Amino acid sequence: MTDTHACLTDDKRNRLGRIAFRAWRRGFREADLVLGPFTDQVGPTLTDTELDDFEALLAQDDDHELYAWIIESRPTPDVHDTPLMAKIRAFMRAHVAAAVAEGAG
């Protein structure tokens, strides 16, 4: 298994650190439990464009609205309906399925 963090530049590592802080501390636990692990596990593989999209998404102030976009209970604005959002949704489905398989819920 390759350590994706080992190949990161200092700039990208610092950027991911700032993103992780914002992703894990949304103020809405359900969003934290999707965006935090996504950042930790998938973040190092994201392109600069995807990181730009992620930062724009994390700038969204209404955490309940953001989570509703992720779980697709509300329409996602075009500006946030990106390939990154598709990755977050796929991660969330797999993450939730893994948690349920381990006995959560």
Side-chain angles (χ1 to χ4, degrees):
M1 185 169 177
T2 304
D3 181 7
T4 55
H5 292 275
C7 300
L8 297 177
T9 64
D10 286 341
D11 286 342
K12 189 166 185 179
R13 189 175 292 111
N14 290 335
R15 188 177 187 190
L16 281 169
R18 289 188 302 273
I19 289 171
F21 182 85
R22 292 171 62 201
W24 275 105
R25 290 160 185 84
R26 297 301 305 167
F28 181 56
R29 191 71 178 144
E30 288 84 347
D32 294 349
L33 292 174
V34 173
L35 296 172
F38 176 82
T39 304
D40 293 348
Q41 295 174 36
V42 181
T45 69
L46 298 177
T47 66
D48 287 337
T49 299
E50 290 170 324
L51 290 173
D52 291 343
D53 291 342
F54 202 11
E55 288 176 319
L57 187 65
L58 293 173
Q60 169 64 31
D61 288 333
D62 186 339
D63 295 319
H64 293 274
E65 190 74 12
L66 171 58
Y67 186 70
W69 300 338
I70 293 169
I71 65 169
E72 300 181 88
S73 65
R74 292 196 191 131
T76 304
D78 289 342
V79 69
H80 295 302
D81 200 10
T82 62
L84 172 75
M85 180 60 83
K87 285 184 177 185
I88 292 170
R89 287 177 179 143
F91 177 84
M92 186 224 29
R93 285 188 290 272
H95 184 71
V96 168
V100 169
E102 291 176 8

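Here the structure is a predicted model, which is why all the values come from computation and not from measurement.
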Asks: Group every Ile, Leu, Val, Met, Phe, Trp and Tyr by side-chain heavy-atom contacts under 4.5 Å, then state whether I19 and L33 land in the same group.
Replies: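 No, separate clusters.
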
Asks: Checking W69 against D81: is there a side-chain donor and acceptor pair closer than 3.5 Å?
Replies: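 The answer is no; no qualifying pair exists.
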
Asks: To the nearest 0.5 Å, what is the distance between CZ (R18) and OG1 (T39)?
Replies: 13.0 Å

Asks: Drop me the distance from L46's CG to L16's CG, to the nearest 0.5 angstrom.
Replies: 7.5 Å

Asks: Tell me, yes or no, whether the heavy-atom count around D78 atom CG, taken from other residues, nucleotides or ligands under 6.0 Å, exceeds 12.
Replies: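 Count not over threshold, so no.
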
Asks: Roughly how far, to the nearest 0.5 Å, is the NE2 atom of H80 from the CD atom of E65?
Replies: 10.0 Å

Asks: According to a hydrophobic-cluster definition based on side-chain heavy atoms being under 4.5 Å apart (Ile, Leu, Val, Met, Phe, Trp, Tyr only), do I71 and L66 belong together?
Replies: yes

Asks: Do the non-hydrogen side-chain atoms of I88 and L57 ever get within less than 4.5 Å of each other?
Replies: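 SC-SC contact between I88 and L57 confirmed.
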
Asks: Of all residues at least two apart in sequence or in a different chain, which pass the ring pair (Phe, Tyr, Trp, His ring centres under 6.0 Å) check with F38?
Replies: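 Result, ring pair (Phe, Tyr, Trp, His ring centres under 6.0 Å) vs F38: F54, F91.
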
Asks: Could you state the interatomic distance from OH (Y67) to CG (D32), rounded to the nearest 0.5 Å?
Replies: 11.0 Å

Asks: With sequence neighbours excluded, give me every salt bridge (charged side-chain N to carboxylate O under 4.0 Å, His left out) pair touching residues 19-28.
Replies: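 Pairs touching residues 19-28 that pass the test: R26-D63.
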
Asks: Consider only side-chain heavy atoms of I, L, V, M, F, W and Y, link residues closer than 4.5 Å, and tell whether M92 and M85 are in one cluster.
Replies: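 Same cluster: M92 reaches M85 through Ile, Leu, Val, Met, Phe, Trp or Tyr contacts under 4.5 Å.
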
Asks: Is there a donor-acceptor contact under 3.5 Å linking the side chains of T9 and R15?
Replies: no

Asks: Look at atom CZ of F21 and say whether more than 12 heavy atoms of other residues, nucleotides or ligands are closer to it than 6.0 Å.
Replies: no

Asks: Atom OG1 in T47, atom CG in D53: separation rounded to 0.5 Å?
Replies: 7.5 Å

Asks: Look at the side-chain heavy atoms of Ile, Leu, Val, Met, Phe, Trp and Tyr, link any pair under 4.5 Å apart, and say whether L58 and L84 land in one connected group.
Replies: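 Yes, same cluster.
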
Asks: For a quick test of reading the model, state the closest non-hydrogen atom pair linking G43 to L51 and the distance between them.
Replies: O-CD2, 4.3 Å

Asks: What's the verdict on side-chain contact (heavy atoms from CB on, under 4.5 Å) for L35 and I70, showing C-alpha distance, side-chain angles and the deciding distance?
Replies: CA-CA 10 Å; L35 296 172; I70 293 169; 4.0 Å; yes

Asks: If you compare all heavy atoms of R89 against all heavy atoms of T76, which two are closest, and at what distance to 0.1 Å?
Replies: NH2-OG1, 2.5 Å

